[in-house]
2 protein chains.
Amino acid sequence: MVKNTGQPAYLQIADDLRAQIRGGSLAPGTPLPSTTRLAEQYGASLSVVKLAVGVLRTEGLVIGQQGKGVFVRDADELPPPAKAGDVAEVSEEVAELRATVQDLSKRLAKVEEQLATSTTRRPGRSSR
Amino acid sequence: MVKNTGQPAYLQIADDLRAQIRGGSLAPGTPLPSTTRLAEQYGASLSVVKLAVGVLRTEGLVIGQQGKGVFVRDADELPPPAKAGDVAEVSEEVAELRATVQDLSKRLAKVEEQLATSTTRRPGRSSR
DNA sequence: CGAGCCAACTAGGTCAACTATGTTGCTCAC
DNA sequence: GTGAGCAACATAGTTGACCTAGTTGGCTCG
């Protein structure tokens with residue numbers, strides 16, 4: 001189904017969906033067909049579809065909401081001026097926040113560990 | 001190891017690499033460590049690393065050359081493909097991170113309190 | 001000496017399965 | 001009639017395996 005243009009399947013699907021979005025066939029706010037649906041539709045495996053959606057997601061064209069679906073982003077909020085300066089600026093903020101998160105996480109982990117060992121220890125720790 | 005920030009591993013790795021690129025620690029033209037290398041380095045599986053590299057690839061920050069490696073793109077040649085949705089994307093990330101910080105803070109506070117008064121054994125392990 | 005092959009690396013693509021988590025709608029007991 | 005619980009379905013993340021394909025360097029053999 002995905003032809004053999006030399007392009008990988010997940011990119012072909014991503015392109016197709018992107019075209020549908022840009023072309024208005026998939027209006028902003030509307031949900032894409034579900035992952036399994038798309039898989040059947042394109043004759044591809046789930047993994048490939050997830051990969052394709054992932055691409056669109058990192059492109060910002062689409063937003064996935066767990067349990068609900070993947071929705072086309074409003075045109076207003078996506079293609080707008082992606083000023084390099086803006087990105088840099090906000091990126092800094094991100095870095096800062098990330099540092100905070102890391103710090104908090106570390107403290108949390110430590111403290112939670114103490115708490116865990118001091119309370120009833122139950123098997124079934126979920127880790128891998 | 002990765003994790004604990006609430007952010008998925010592949011995004012953390014992507015972020016880390018992105019930071020190294022932006023920070024100059026990985027200069028344009030230099031190759032990233034090999035996939036397997038990164039996997040060991042981050043204590044993650046190959047799949048996760050490939051996912052992370054994939055993100056950077058679709059962002060245009062990096063170019064993979066089969067058989068050779070993944071190379072940091074020259075700063076000159078990447079601004080043009082100015083990525084639509086970048087600002088939106090990062091903004092969203094900020095929002096997410098803020099939420100994470102709030103969540104972590106809350107959990108930290110709670111847990112630290114419990115630890116302080118942990119003469120009483122209390123179950124109630126709340127994983128996720 | 002040189003040509004050619006081969007082995008060891010590299011990235012990239014695909015698949016299948018599992019887990020986690022969120023949403024929604026139905027059913028059934030009260 | 002209401003609400004608690006459950007089942008079905010959704011995205012998301014992760015793992016591990018297998019295969020393709022390009023690059024490189026060394027080794028062998030003519």
Side-chain angles (χ1 to χ4, degrees), chain A residues 1-15 17 26 29-73 124-128, chain B residues 1-15 17 26 29-73 89 92-93 96 99-100 103 125-128:
Chain A
M1 185 79 118
V2 237
K3 320 172 301 136
N4 33 343
T5 65
Q7 266 226 138
Y10 78 98
L11 281 186
Q12 283 181 52
I13 297 179
D15 282 343
L17 293 175
L26 278 173
T30 60
L32 270 57
S34 81
T35 313
T36 39
R37 204 81 192 243
L38 287 174
E40 294 168 6
Q41 206 169 303
Y42 286 103
S45 73
L46 283 182
S47 314
V48 168
V49 172
K50 291 209 284 183
L51 229 42
V53 172
V55 168
L56 297 182
R57 232 179 341 132
T58 84
E59 277 176 1
L61 271 180
V62 117
I63 291 191
Q65 279 177 254
Q66 230 175 273
K68 293 176 83 173
V70 178
F71 298 85
V72 178
R73 201 110 157 235
R125 177 89 187 85
S126 67
S127 188
R128 51 171 83 91
Chain B
M1 210 133 352
V2 201
K3 222 173 173 232
N4 258 337
T5 68
Q7 255 215 310
Y10 78 97
L11 282 187
Q12 283 180 55
I13 296 179
D15 283 343
L17 292 174
L26 280 174
T30 61
L32 269 56
S34 81
T35 314
T36 39
R37 199 76 195 263
L38 287 174
E40 294 168 4
Q41 208 169 305
Y42 286 103
S45 72
L46 281 183
S47 313
V48 167
V49 172
K50 291 209 280 182
L51 230 42
V53 172
V55 169
L56 297 182
R57 220 163 11 114
T58 84
E59 278 176 0
L61 269 178
V62 117
I63 290 190
Q65 279 177 254
Q66 230 175 282
K68 294 178 79 174
V70 178
F71 298 85
V72 178
R73 197 111 160 241
E89 185 188 327
E92 195 192 319
E93 215 174 343
E96 243 174 69
T100 306
D103 177 60
R125 173 94 176 86
S126 64
S127 321
R128 14 159 136 199

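In what follows, every heavy atom counts, from backbone to side chain, and hydrogens, waters and symmetry copies are set aside. The sequence lines fix the lettering, A, B, ..., with proteins before strands; numbering per chain opens at 1.
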request  = Rounded off to whole Å, could you give me the OH-to-C1' distance for the Y42(A) and dT14(C) pair?
outcome  = 18 Å

note = Testing dG12(C), dT11(D), dT10(C) for proximity to the side chain of S34(B), the answer is dT10(C)

Residues in side-chain contact (heavy atoms from CB on, under 4.5 Å) contact with V55(B), at least two apart in sequence or another chain = T58(A), Y10(B), A14(B), R18(B), E59(B)

task = For L51(A) and L51(B), run side chain to side chain contact (heavy atoms under 4.5 Å, CB included): C-alpha distance rounded to whole Å, both residues' side-chain angles, the deciding distance at 0.1 Å, then the answer.
result = CA-CA 9 Å; L51(A) 229 42; L51(B) 230 42; 4.0 Å; yes

inquiry  = Looking at every heavy atom in both P33(B) and Q41(B), which two are closest together, and how far apart are they?
reply    = CG-OE1, 4.1 Å

request  = For dT14(C), take OP1 and OP2 only and decide whether either is under 4.0 Å from a side-chain N or O of Y10(A).
outcome  = no

request  = Only counting residues at least two apart or in another chain, list the ones meeting side-chain hydrogen bond (donor to acceptor under 3.5 Å, both in side chains) with S45(A).
outcome  = none

task = Sugar-phosphate atoms are those with a prime plus P, OP1 and OP2; base atoms are the rest. Using that split, label each nucleotide of nucleotides 17-23 of chain D B, S or - for protein heavy atoms under 4.0 Å, 5' to 3'.
result = ----BBS

query = Could you give the CG-to-P distance, from L46(A) to dC18(C), as a whole number of Å?
reply = 13 Å

task = Quickly work out the Q12(B) CD to dG13(D) P distance and round it to whole Å.
result = 11 Å

query = Between R37(B) (CZ) and dA8(C) (P), how many Å, whole number?
reply = 19 Å

query = In this structure, which one of L61(A), L56(A), V70(A) forms a side chain to side chain contact (heavy atoms under 4.5 Å, CB included) with L17(A)?
reply = L56(A)

key: Atom-pair distance (CD1 on I63(B); C1' on dG12(C)), nearest Å   = 15 Å

request  = Round to the nearest Å and state the distance from L38(B) atom CG to dG12(C) atom P.
outcome  = 12 Å

task = Using atom CG of L17(A) as one end and atom P of dT11(D) as the other, report the distance to the nearest whole Å.
result = 12 Å

query = Is any side-chain N or O of S45(A) closer than 4.0 Å to OP1 or OP2 of dT14(C)?
reply = no

task = Calculate the interatomic distance between L51(B) atom CG and dG16(D) atom P; express it in whole Å.
result = 14 Å

task = Ignoring backbone atoms, test whether R57(A) places a side-chain nitrogen or oxygen under 4.0 Å from the OP1 or OP2 oxygen of dA12(D).
result = yes

Shortest non-hydrogen contact from I13(B) toward A44(B) = CD1-CB, 4.0 Å

ask   = Given the rule in the side chain to side chain contact (heavy atoms under 4.5 Å, CB included) test, do L32(A) and V62(A) qualify, once you have shown the distances and angles that lead to the verdict?
value = CA-CA 9 Å; L32(A) 270 57; V62(A) 117; 4.0 Å; yes

